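Below, chains carry the letters A, B, ... as their sequence lines are ordered, and counting in each starts from 1. Fair warning: this is a prediction, and the values are worked out from it, not measured in the lab. Values reported hereafter were calculated over all heavy atoms of this structure, with side chains retained and with hydrogens, waters and symmetry mates removed.
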Number of protein chains: 2
Amino acid sequence: MNVRTLCLAILSFGESTGYEIKKQSVEGKFSYFVDASFGSIYPALARLEADGFVTSRQEIQPGKPPRKIYEITEAGRTALVEELSEPPGRDVFRSEFLLIAMCAKNLPQHVVTEAIESRIRSIEEEVGQLRHIVEELDDEAAIWTAQYGVTCKAQALENLKKTRGDLEKLAGSRLSNTTTNAAE
Amino acid sequence: MNVRTLCLAILSFGESTGYEIKKQSVEGKFSYFVDASFGSIYPALARLEADGFVTSRQEIQPGKPPRKIYEITEAGRTALVEELSEPPGRDVFRSEFLLIAMCAKNLPQHVVTEAIESRIRSIEEEVGQLRHIVEELDDEAAIWTAQYGVTCKAQALENLKKTRGDLEKLAGSRLSNTTTNAAE
DNA sequence: TAGGCCATGTAACCGGTTACATGATTAG
DNA sequence: CTAATCATGTAACCGGTTACATGGCCTA
């Protein structure tokens with residue numbers, strides 16, 4: 001799933017700007033399963049316009065930089081449906097935390113404990129944010145998606161809280177006798 | 001989490017080859033939360049050797065290409081611990097399926113249904129594979145990690161099965177009157 | 001007055017993927 | 001006879017990130 005399709009999808013919910021699209025994908029209703037930076041969004045938007053999938057108009061606002069508002073075209077909607085119709089690529093999950101968990105035996109307990117706690121904090125934060133987003137949503141499909149995210153994340157959090165003790169017990173058990181004078 | 005650290009982590013469980021590291025990260029015990037291709041593994045291994053974090057020896061096997069077996073050094077173990085000790089980057093989750101779910105209203109029902117079913121099939125497959133991996137494992141930390149993956153994935157699967165009906169009801173409800181003659 | 005927010009955009013860089021090259025053996 | 005498995009490695013390419021440029025307004 002490339003930024004191009006993401007922009008099209010976000011614009012299918014209503015007109016928006018590059019700046020807002022970034023917010024949507026980083027802290028908004030899409031944040032749970034996508035991510036994008038300005039460096040990829042602005043060029044994608046420009047290309048979409050060149051391809052006739054979106055149109056733009058400038059809005060001058062006093063005391064603020066002008067906004068470039070993009071709107072999806074009929075051709076854009078068709079292209080979006082086509083892109084989403086072909087079999088989706090598999091979900092991607094990458095976790096540095098689980099790599100730490102995997103190597104727990106070779107790591108000092110405090111490293112493992114801190115990793116667990118930071119993971120718990122960040123899931124809690126994400127769940128809280130997502131719950132807040134759900135309340136603000138009106139589109140039922142968006143609500144379904146965010147709700148699914150909340151449920152899965154909340155369960156993952158519970159699993160972690162329930163079993164963290166087992167992992168912490170293992171921490172450091174195969175620690176080599178290297179004293180903690182980390183060479184730079 | 002880069003391929004470099006991944007290789008180091010895998011080698012901390014015992015000596016291995018580039019070929020095997022790929023298998024581990026694609027269908028083995030690390031497959032749940034990492035991924036890597038030959039094009040990134042081989043150069044990473046070469047760099048690790050140049051840095052003195054691993055050593056290699058050649059094993060000639062009759063009727064098969066020779067294998068280059070890598071072994072982690074003490075310096076490599078130290079480097080691994082150091083890298084895993086600094087605060088982990090947040091988990092990454094990317095889902096094309098959820099983008100489809102999000103846009104359900106604009107998509108034909110069969111597209112949504114097929115996406116759900118392919119998602120169900122692939123989670124089932126992953127859970128089955130991961131369960132199988134758990135049985136073969138001996139390292140308790142690796143078991144904890146895989147078990148955590150199985151639990152989370154199985155719950156995500158159940159959530160999807162339970163609520164898919166709600167999403168399917170929404171499918172196509174805001175479908176524009178474009179007939180299904182997709183222009184190439 | 002420092003930093004953050006609004007807002008758009010470009011350019012350098014980089015990690016990683018895809019595809020290719022090579023080649024024997026084994027399974028269907 | 002074809003395809004897959006074993007096995008290592010390189011090179012081209014590409015999508016995306018980071019950092020920079022610009023600048024007014026508002027808040028602490």
DNA chain D: 5'-most and 3'-most nucleotides touching chain A, 4.0 angstrom heavy-atom criterion: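 The protein-touched segment is dG16(D) to dC25(D).
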
Restricting to side chain to side chain contact (heavy atoms under 4.5 Å, CB included), what partner residues turn up for Gln58(B), sequence neighbours left out?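 Partners of Gln58(B) by the side chain to side chain contact (heavy atoms under 4.5 Å, CB included) criterion, ordered by chain and then number, come out as Pro66(B), Lys68(B).
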
Show every salt bridge (Lys or Arg N to Asp or Glu O under 4.0 Å) that has at least one partner inside residues 101-110 of chain A, sequence neighbours left out.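 Qualifying pairs, neighbours excluded: Lys105(A)-Asp139(B), Lys105(A)-Glu140(B).
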
Is [Y] reachable from [X] through a run of I, L, V, M, F, W or Y residues, each pair having side-chain heavy atoms under 4.5 Å apart?
X: Val3(B); Y: Tyr19(B); answer: no
X: Ile123(B); Y: Val92(B); answer: no
X: Phe53(A); Y: Ile69(A); answer: no
X: Leu45(A); Y: Val26(A); answer: no
X: Phe38(A); Y: Val34(A); answer: no

Excluding sequence neighbours, so at least two apart, what forms side-chain hydrogen bond (donor to acceptor under 3.5 Å, both in side chains) with [X]?
X: Gln109(B); value: none
X: Glu15(A); value: Arg57(A)
X: Glu168(A); value: Thr113(A), Arg164(A)

Can you list, in residue-number order, the parts of residues 30-50 of chain B that come under 4.0 Å of DNA chain C, counting heavy atoms only?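 Here the set is Ser37(B), Gly39(B), Ser40(B).
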
Near DNA chain C, which residues from residues 83-93 of chain A have a heavy atom under 4.0 Å away?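 Within this stretch, nothing sits under 4.0 Å of the strand.
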
Just by modelled atom types, is the Val81(B) backbone N or O under 3.5 Å from a matching donor or acceptor in the Ser85(B) side chain?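 At least one qualifying donor-acceptor pair exists.
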
With a 3.5 Å distance limit and no angle check, can you tell me whether Gln61(B) reaches the backbone of Arg67(B) through a side-chain donor-acceptor pair?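 Side chain of Gln61(B) to backbone of Arg67(B): no pair is present.
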
Can you run down the ring-ring contact (aromatic ring centres under 6.0 Å, His included) pairs that involve residues 131-171 of chain A, sequence neighbours left out, and say none if there aren't any?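 ring-ring contact (aromatic ring centres under 6.0 Å, His included) check on residues 131-171 of chain A returns Trp144(A)-Tyr148(A).
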
Listed once per pair and sorted, the ring-ring contact (aromatic ring centres under 6.0 Å, His included) pairs that draw on residues 57-97 of chain A, sequence neighbours left out: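 Every ring-ring contact (aromatic ring centres under 6.0 Å, His included) pair that includes a residue of residues 57-97 of chain A, provided the two are not neighbours, is Phe93(A)-Tyr32(B).
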
Let me check the geometry of the helix from dT1(C)-dA28(D) to dG28(C)-dC1(D). What is the bend angle between the axes at its two ends, five pairs each, to 10°?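 Answer for the end axes of this duplex: 40°.
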
Tell me which residues in residues 10-22 of chain B put a heavy atom below 4.0 Å from DNA chain D, sorted by number, or none.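 Heavy-atom cutoff 4.0 Å gives Thr17(B), Gly18(B), Tyr19(B).
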
Between Arg94(B) and Pro65(B), which has a closest nucleotide on DNA chain D that is more 5'?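 Final value for this comparison: Pro65(B).
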
Salt bridge between Asp51(A) and Arg4(A), side-chain N to carboxylate O under 4.0 Å?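 Answer for the salt bridge query: yes.
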
